[in-house]
Amino acid sequence: MISTTVAAVVTRFAPSPTGQLHAGHAFSAIRAHDFARERGGRFLLRIEDIDPGRSRAVFVKGIEDDLRWLGLGWDGEVVHQSARFEAYRGALGALGSAGLLYPCFCTRADIAQAASAPHGPEGLFYPGTCRALDPAVRERRMESEPHAWRIAMDKAVEQTGRLHWHDEETGEVTADPLRFGDVVLARKDAPASYHLAVTVDDAWQRVTDVVRGADLFEATHIHRLLQALLGLPTPRYHHHPLLTDAGGERLAKRRGSESLANLRENGADPAALAEALRRGEMPAL
Ligand code: GLU
C-alpha cells in the first residue's frame, strides 16, 4: 500500500507593531486563523518588530488583546522577529558568500535625487549608485559609514533561473523580481529587511499557507526568489482581497480605520464583528 504524508496546515498572522490594528487587520487574521482551523492545522502569531524606530511594546500587547477579544487563539509561543536577528544574519551571510550582495550608503534623499530613478512596484527603483563604487572606496566607507545591504538582482535572477509560485486566488504566477531592482535585504539599523525576515521565518516556522492581503502580492516575487537562493521551501499563497465597505470602497476613514482597541473600549460586540468579517462585510458599529 502506498501511503503519503500530507504536511499539516500551518498559517500565521504577522503584524508589525507600529500602530493599532483595525478591521482590515482583523479580517486578515480571521482568514489565516480559519484557514488553519478548518483543516485541523496550526495558526501562529508572529510579531514583525524589526523596525526599532517604529515598533512599540504597547502595540504588541494591543495585538494580543485584540486577537483574544475576537476569539482568535494562536498556537505555541509568539515569535518576535527582534529575537531572530542571528537567523537573518546567517541568511545574509549565505547570500553574501554567493557574491549577491553589496553595501549601500545612500540615504532616501540620495536615491530620490538620482536623476534616473524611475519607480518600481515598491516605490523608487534603486539607480545602482553604490554598486558601481570602487572596491577600495567601498572598503573604506564601510568602516565608518552606516550601510544597508542590497541584492544584485540581475545576478540573483541569473542564478535561480525562472521561478513560479502558486497563488490560490490567481493561479500559477511567474516570479519577476527584476522589476524591483536591487532591493534592500538588510537595513542600516537592522540586520534584515521585511523581505528577508518574512522569507526566513515562514520557512523556519514551517508555514505551509501564507494567507495575507492582496497588498502584499507583489512582495511575493521577491520572497520566491529568496526562497530559491536560500534553499527554502515555497508555501502556498492566498492573497485575499482587501476589506471594503458596503459600497465596495476601501475602508473609509471614519469606520474601517477605527482601531479595534477603540471598538473594544466602546463596548462593540466582538462576536458580531467577527461574524460580519467572516462574511467579508464591514459591519455598522
Ligand atoms: N508585517 C507585515 C505587515 O504588517 C505583513 C507580513 C506578511 O504577512 O507577510 O504588513
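Remember, it's 1-based here, ligands and their atoms both numbered in the order they're listed. Scope of the values below: all heavy atoms of this structure, side chains included, with no hydrogens, waters or symmetry mates. Quick caveat, the model's predicted, so the values are computed rather than measured.
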Closest approach of Phe85 to Pro191 (non-hydrogen atoms, all atoms of both residues): CG-CG, 3.5 Å
So Arg224 and Thr234, side chain to side chain donor-acceptor pair (under 3.5 Å) or not? Walk me through it. CA-CA 7 Å; Arg224 179 67 191 91; Thr234 302; 3.2 Å; yes
Show me, by chain and number, every protein residue that has a heavy-atom distance under 4.0 Å to ligand 1. Arg12, Ala14, Pro15, Ser16, Glu48, Tyr194, Val198, Arg212, Leu216
A side-chain contact here means heavy atoms from C-beta on lying under 4.5 Å apart; do Thr199 and Leu232 qualify? yes
Should the ring pair Phe217 and His239 be called parallel, tilted or perpendicular, given that the plane angle runs from 0 to 90° and is split at 30 and 60? perpendicular
Main-chain N/O of Gly213 paired with Arg31 side-chain donor or acceptor, under 3.5 Å: no
Just jot down the salt bridge (charged side-chain N to carboxylate O under 4.0 Å, His left out) partners of Arg278, sequence neighbours excluded, or say none. Asp34
